[in-house]
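Numbers restart at 1 for each chain; the letters A, B, ... are given by sequence-line order, proteins then strands. Quick caveat: nothing in here was measured; it's all calculated off a predicted structure.
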Amino acid sequence: MAEGSADVSSSLTVDHLVKEYRVGGGLLRRRASVVQAVSDVSLSIEAGKTFGLVGESGCGKSSLGRTVARLQTGESGSIRLGGDEISRVSGRSLRAIRRRVQFVFQDPYASLNPRKSVRATLAEPLAIHRLHRGQESRRVSELLEQVGLNPAHADRYPHEFSGGQRQRIGIARALAVEPEVIVLDEPVSALDVSIQAGVLNLLDELQGRLGLTYLFIAHDLSVVRHLSDRVGVMYLGRMVEQGPVDRLYEHPMHPYTQALLSAIPVPDPKVERARQRIVLRGDVPSPVSPPSGCRFRTRCWKATEKCAIETPELVDLGEGQSVACHYPAERTVF
Amino acid sequence: MLLEVENLSISFPTESGIARAVEGVSFRLLEGETMGIVGESGSGKSMTAMAIMGILPRAATVTGSIRFRGRELVGLSDEELREVRGRDIAIVFQDALTALNPVMTVGEQLMEAVRVHRPGITSAQLRARAVELLDLVGIPDPERRIDRYPHEFSGGMRQRVMIGVSIANEPDLLIADEPTTALDVTVQAQVLDVLREVQQRTGTTVMLITHDLGVIAGVADRVIVMYAGGIVEAADVDPLFYETAHPYTAGLLASLPRMDRRSGDEPLYQIPGQPPLSTAWPAGCRFFPRCAHAVAGRCDTVVPPPVTVGADHTANCVRVGEWPKGVPT
């Protein structure tokens with residue numbers, strides 16, 4: 001593929017990805033334990049579409065996002081960007097990949113350097129990737145316009161912008177190198193409600209205009225429904241269910257997906273009163289020693305002996321929906 | 001009447017001038033009800049709670065009146081306030097990890113909270129009460145868990161402990177300031193359940209402060225919407241959502257993506273602009289610069305007073321009834 005221009009949409013396919021972290025250990029302790037943050041996860045995102053990845057803290061969704069964006073390297077499995085295998089590239093090829101896959105962080109306060117003007121922040125990736133040489137200033141103005149900011153404010157510093165505007169700068173920085181894929185890790189969860197909608201609309205509009213492929217990571221299932229074409233649900237490092245967005249929200253098959261959806265408050269008192277909430281028992285077990293078999297079984301109301309022995313595989317149920325559960329069954333949650 | 005707040009204003013000196021965090025806030029709280037206060041950051045909702053608890057920083061200037069069962073709280077000495085705090089009015093904060101003392105067991109913290117207001121109590125009674133509190137907030141195996149430290153609890157369990165500490169003396173008013181914001185959604189559901197159950201069993205009045213209109217819809221009987229330091233709308237929960245009378249409330253509701261609806265291709269409604277700073281409120285209605293229905297000469301002159309639009313339903317808008325209800329355009 002030529003130079004990965006932004007006009008060309010690319011698909012992203014993740015197969016059997018594993019990402020582990022060592023925890024504990026150190027000088028005096030003999031053995032560190034290994035946490036499998038991402039455990040044999042597969043997903044694919046059609047070119048120009050959005051895959052929403054949901055789950056609660058510690059489920060591995062951010063680890064997956066960081067591995068896909070090659071901010072870190074997975075232990076095994078493959079990541080294909082268009083026709084290229086990118087999971088193990090390094091050096092110069094890694095730099096080329098970083099240009100094609102960009103990352104937007106959650107916290108627009110922490111992810112911008114307070115001592116750099118917006119111009120310097122946006123010009124840096126251009127210099128690193130030797131793009132728009134001699135035209136940097138024009139490109140910076142263009143980027144600011146693209147994200148709905150005033151190009152006349154290019155010489156201001158992050159503290160002079162509001163949270164929503166800072167997140168727009170973060171998005172402009174990702175756009176600077178004309179990526180094909182953007183990994184968005186909780187891009188609106190730090191923003192006030194009245195500001196969120198603007199950033200969501202911007203992401204939607206940019207995708208339509210530039211053909212971007214999004215991996216959208218969020219814990220807010222309302223936001224994910226609005227933006228995604230396909231959604232995957234993770235629990236303790238595993239993908240437990242995925243499917244086309246309306247299918248998954250209207251016909252969830254995995255007990256965890258059902259519990260998660262039923263726990264989200266809906267801004268509608270009548271709907272809230274009529275809902276049957278599934279309140280899960282207990283807490284998420286430690287990822288250091290996850291339960292045998294199905295990792296959700298310790299909190300599942302359907303669990304049997306089989307669930308402790310056999311790990312359920314992700315099984316295709318038709319209509320693009322797949323579920324990792326021994327006893328999948330539909331249940332309406334709102 | 002449990003609580004009557006009248007014309008409450010709170011201001012602070014800052015480097016960029018006087019911050020008028022809260023201005024002219026009035027509301028009443030009835031015994032046994034759950035009142036939701038919803039607003040974005042800087043709306044003044046937490047400041048209002050801190051004023052009721054008497055825990056504002058010393059630099060704050062408070063005017064107006066806060067009467068609790070008829071007793072004026074504004075101007076009380078620290079000593080007088082200490083008596084009220086924890087016994088009559090208690091608060092649960094967002095972040096249970098920083099609110100709990102890491103070097104004391106949860107039992108010691110529960111027992112301390114009880115002992116402060118009941119000096120004569122025996123240690124056996126104290127321990128029994130602490131176990132009872134842990135049980136009440138749904139912590140399994142309380143006799144054993146009581147001797148554990150906060151770090152041995154998960155986020156949701158710590159927030160339960162905090163609720164336990166706050167209800168230790170059966171307060172008449174429990175203020176919960178974003179009690180589930182730091183928690184995962186399935187844990188949020190558990191904690192909201194605990195709050196509901198505590199209220200049913202103890203009959204305490206709850207003031208729930210949140211930015212989440214979904215939580216409000218599921219928990220509150222009455223709702224106050226705050227924007228830029230003032231109340232913009234107050235109503236029972238159903239009228240607030242179904243007969244929305246203030247353009248800000250309508251804009252907020254329209255801008256929320258809904259989990260229970262297909263999104264279609266329409267973009268979300270977007271309230272234009274940013275909330276103003278408390279050091280420079282706009283003249284007149286503070287929402288005027290962002291409002292789809294604002295009219296120059298009427299909206300930018302005086303701060304609009306509450307206008308009655310229905311039973312126990314007010315909106316602080318001079319154009320009430322002049323704009324079509326529902327999604328602003």
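By number of non-hydrogen pairs under 4.5 angstrom with chain A, the leading residue of B:S41, B:P140, B:G138, B:G214 is B:G214. Contact count versus chain B (heavy atoms, under 4.5 Å) is highest, among A:Q165, A:R277, A:R273, A:E205, for A:R273. Most heavy-atom pairs under 4.5 Å with chain A, from the set B:I271, B:V185, B:T186: that is B:T186. Comparing A:S57, A:S194, A:A197 by heavy-atom pairs within less than 4.5 Å of chain B, the highest count is held by A:S194. Across B:S263, B:G273, B:A217, the residue that shares the most heavy-atom pairs under 4.5 angstrom with chain A is B:A217. Here A:P269 is the residue among A:P265, A:A263, A:P269 with the most heavy-atom pairs under 4.5 Å with chain B. Of the listed residues A:I195, A:D204, A:V284, the one with more heavy-atom pairs under 4.5 angstrom with chain B than any other is A:I195.
Between the CG atom of A:D192 and the NE2 atom of B:H211 there is a distance of 8.0 Å, given to the nearest 0.5 Å. To the nearest 0.5 angstrom, B:I216 atom CD1 is 11.0 Å from A:E272 atom CD. Taking CD from A:E56 and CG from B:L183, the interatomic distance works out to 10.0 Å, rounded to the nearest 0.5 Å. In this structure, CE on B:M259 lies 8.0 Å from OG on A:S262, to the nearest 0.5 angstrom. To the nearest 0.5 Å, atoms NE2 (A:H226) and CZ (B:R261) are separated by 13.0 Å.
No donor-acceptor pair under 3.5 Å is formed between the side chain of B:Q190 and the backbone N or O of A:V279.
In this structure, the portion of A:N201 lying under 4.5 Å from any heavy atom of chain B is its side chain and not its backbone. Of the atoms belonging to B:D260, heavy atoms from both backbone and side chain fall under 4.5 Å from chain A. Heavy-atom distances place no part of A:I278 under 4.5 Å from chain B, backbone and side chain included. Using a 4.5 Å cut-off between heavy atoms, A:R275 touches chain B through its side chain atoms alone. With a 4.5 Å cut-off on non-hydrogen atoms, B:Q188 touches chain A through its side chain but not through its backbone. Contact annotation for A:L200: only side-chain heavy atoms (C-beta onward) come within less than 4.5 Å of a heavy atom of chain B.
Atom CZ of B:R20 has 12 or fewer heavy atoms from other residues, nucleotides or ligands within 6.0 Å. Within 6.0 Å of CD in A:E330 there are more than 12 heavy atoms belonging to other residues, nucleotides or ligands. By the 6.0 Å contact criterion, CD on A:Q146 is enclosed, its count of non-hydrogen atoms from other residues, nucleotides or ligands being greater than 12.
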Checklist entry - Does the salt bridge (Lys or Arg N to Asp or Glu O under 4.0 Å) test come out yes or no for A:D268 and B:R258, once each step is laid out? => result CA-CA 10 Å; A:D268 190 326; B:R258 288 280 294 259; 3.2 Å; yes
Next on the checklist: Under the criterion side-chain contact (heavy atoms from CB on, under 4.5 Å), I'd like the reasoning laid out for B:S255 against A:V193: C-alpha separation, chi angles, the key distance, then a yes or no.
Outcome noted: CA-CA 8 Å; B:S255 69; A:V193 183; 4.2 Å; yes
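Paired with B:P257 under the rule side chain to side chain contact (heavy atoms under 4.5 Å, CB included), one option of A:L227, A:V223, A:V224 passes, and it is A:V223.
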